[in-house]
Participant: 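Quick one: the structure is below, and I'll ask about it shortly.
Worth knowing before you read on, the calculation uses all heavy atoms, side chains too, and leaves out hydrogens, waters and symmetry mates. Ligands are counted one by one from 1 in listed order, and the atoms in each one are counted from 1 as well.
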Amino acid sequence: MRSQAHVPPLPVPLVGRTNHDFVQKSVTSRLPSILRDLVARHESVKEAPKAKIEALALELEQQRHHIVPLDGSDGGPDWRFYMENRAGMNAMDVEWFFLENYVYRLVLSWLEFFEDEDAPDPFAAQKEDALRHALQSMVSPVDHAKDGTGFRELVLGSLWGNQVDLSFSSGKMTDADAEDREVVVDDIAACWTTIFEPLISDASVEPRIIIILDNCGAELVNDLILVDFLLCLMPGLSVTLHAKAHPVFVSDATIPDVETHIRRMAENEKLEAVGKRLQEAEAGGRVQTFAHDFYTSPLPFWQVPAGLQSMYGDAILTITKGDANYRRLIGDRFWPSSLPFTNFMQYWGPGSLLTVRTCKSPAIIGVSPERLAHGFSSSDWTCNGKNGVVSFRRGDNVLVEGTSAM
Ligand SMILES: O=P(O)(O)OC[C@H]1O[C@](O)(CO)[C@@H](O)[C@@H]1O
């Protein structure tokens with residue numbers, strides 16, 4: 001069953017053909033390039049799927065791909081519910097968010113990914129490059145202050161880690177770019193004082209946070225360093241890491257990716273201590289991993305399955321990472337940029353929410369009218385990956401100091 005959340009009347013979604021150059025380019029150029037890269041890097045891909053993937057790349061480029069129906073007969077998620085009347089439509093006319101998730105689902109089907117539980121992740125080589133690069137370029141984590149300042153530094157690490165993702169760069173390895181970047185919405189302190197400060201002074205509670213993960217490599221390494229920081233600070237805390245149920249957006253983390261990252265951090269000279277503590281936390285049940293098909297579906301978060309929504313409600317905080325999760329939160333639609341995040345996210349339910357996203361797509365909410373009036377140096381400020389958003393919405397179940405909520 002899906003939740004019947006209340007959301008305001010919906011504005012138009014982002015669609016390839018009509019409303020934004022960035023979106024059009026992403027469909028007709030970035031996606032084809034990702035598909036061709038996939039084929040080029042995998043000599044083992046058989047001739048039949050290879051031909052289909054190459055044809056799909058060309059069709060997207062030439063704006064003549066028509067959506068094909070996808071049921072679960074290949075062992076993968078059943079998309080009939082999501083298709084509605086979209087089967088047969090030109091890819092340029094369906095929602096961009098639908099299209100991107102659909103393309104990955106379709107290609108995995110052609111690669112027979114769902115038919116064989118040992119099938120290789122088609123993006124494994126890129127993910128390995130990203131992890132190796134992150135481990136090489138990582139400085140040893142400094143001893144962060146065990147307070148809001150340390151939290152801030154680590155959230156910023158996790159935010160700018162999201163700048164580096166392999167679908168945004170069409171599969172090419174890049175480094176985070178520190179020049180001219182700005183946190184356009186900064187609720188880090190509000191999150192710290194509302195959620196974590198009361199927990200530190202109350203060791204009797206055993207709360208859980210959820211992190212809905214995004215990319216492998218620099219982002220996931222930074223996320224895991226943040227997890228370690230929080231676990232060390234709050235002995236009663238546990239963390240569930242929500243991963244993708246199948247490979248998507250090139251570098252998005254699946255459960256095996258999370259395990260690989262933790263292991264490789266434990267084997268790495270600079271991150272050994274963090275990695276080993278995370279391994280112990282996993283063994284002791286304080287770190288858990290979880291995957292759900294919802295995170296590879298085209299649905300917005302206001303149509304989340306009830307079971308997942310109640311998990312968010314039971315957690316003291318849910319953190320969503322990255323651009324695609326942010327797009328899912330706001331349904332990838334053109335809301336007014338100044339629409340207050342807290343009001344909008346009432347549909348989320350009783351849990352608190354922190355969203356941490358480098359802006360790599362046009363839609364955004366929660367930017368103050370003052371900041372908007374000040375203007376941006378570049379007209380593509382929502383898409384160029386130089387601006388970050390850390391928006392917080394306080395839920396109804398926060399621990400107030402001196403009580404033992406949860
Ligand atoms: O990895 P992230 O932060 O979710 O970003 C993926 C983003 O890259 C893009 O694929 C670029 O088109 C966006 O569609 C998407 O939002």
Participant: Return the set of residues passing side-chain hydrogen bond (donor to acceptor under 3.5 Å, both in side chains) with Trp96 (not counting sequence neighbours), or none when no residue passes.
Facilitator: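 Scan of Trp96 (side-chain hydrogen bond (donor to acceptor under 3.5 Å, both in side chains), adjacent residues dropped) gives Ser26, Glu100.
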Participant: Counting both backbone and side chain atoms, is some N or O of Asn325 under 3.5 Å from an N or O of ligand 1?
Facilitator: no
Participant: Number the atoms of ligand 1 from 1 as they appear, then name those within less than 4.0 Å of a heavy atom of Glu100, with their elements.
Facilitator: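 Listed by number with element: 10 (O), 12 (O), 14 (O).
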Participant: Which option wins on minimum heavy-atom distance to atom 14 (O) of ligand 1: Lys25, Arg328, Arg327?
Facilitator: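 Ranked by closest heavy atom to atom 14 (O) of ligand 1, first place is Arg327.
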Participant: Does either side chain, that of Ser391 or that of Thr355, offer a donor lying less than 3.5 Å from an acceptor on the other one?
Facilitator: no
Participant: Is Ser26 in polar range of ligand 1, meaning some N or O pair under 3.5 Å apart?
Facilitator: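 For ligand 1, there is an N or O atom that lies under 3.5 Å from one belonging to Ser26.
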Participant: Measure from NZ or CZ of Arg357 to the centre of the six-membered ring of Tyr326 and say whether it is under 6.0 Å with the direction within 45° of the ring axis.
Facilitator: yes
Participant: Under 4.0 Å from a heavy atom of Arg30: give me the atoms of ligand 1 that qualify, with their elements.
Facilitator: 11 (C), 12 (O)
Participant: Numbering the atoms of ligand 1 from 1, which are under 4.0 Å from a heavy atom of Asn215?
Facilitator: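 Under 4.0 Å from Asn215, ligand 1 has these atoms: 1 (O), 2 (P), 3 (O).
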Participant: Pull out every atom of ligand 1 sitting under 4.0 Å from any heavy atom of Gly322, numbered as shown with elements.
Facilitator: 3 (O)
Participant: Can you give the donor-acceptor pairs under 3.5 Å from side chains of residues 225-237 to other protein atoms, not counting sequence neighbours?
Facilitator:
unit_1 : atom_1 : unit_2 : atom_2 : d
Asp228 : OD1    : Arg277 : NE     : 2.8
Asp228 : OD2    : Arg277 : NE     : 3.4
Asp228 : OD2    : Arg277 : NH2    : 2.8

Participant: Would you kindly say whether Arg105 and Thr296 are connected by a side-chain donor-acceptor distance under 3.5 Å?
Facilitator: no
Participant: Can you tell me if Trp96 contacts ligand 1 (heavy atom of the residue under 4.0 Å from the ligand)?
Facilitator: yes
Participant: Taking N or O atoms only and a 3.5 Å limit, does Ala324 qualify as a polar contact for ligand 1?
Facilitator: yes
Participant: Regarding Ser109 and Asp74, is there a side-chain donor-to-acceptor distance under 3.5 Å anywhere?
Facilitator: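 Their side chains do contain a donor-acceptor pair, which is all the 3.5 Å distance test asks for.
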Participant: Distance under 4.0 Å to a non-hydrogen atom of Lys360: what atoms of ligand 1 satisfy this?
Facilitator: 1 (O), 2 (P), 3 (O), 5 (O)
Participant: Taking atom types as modelled, find out whether Asp257 and Thr260 have a side-chain donor-acceptor pair closer than 3.5 angstrom.
Facilitator: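 Checked: Asp257/Thr260 side chains show no N/O donor-acceptor pair below 3.5 Å.
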Participant: Is there a polar contact, in the sense of an N or O pair closer than 3.5 Å, between Asp323 and ligand 1?
Facilitator: yes
Participant: Between Phe341 and Phe392, does the ring centre distance come in under 6.0 Å?
Facilitator: no
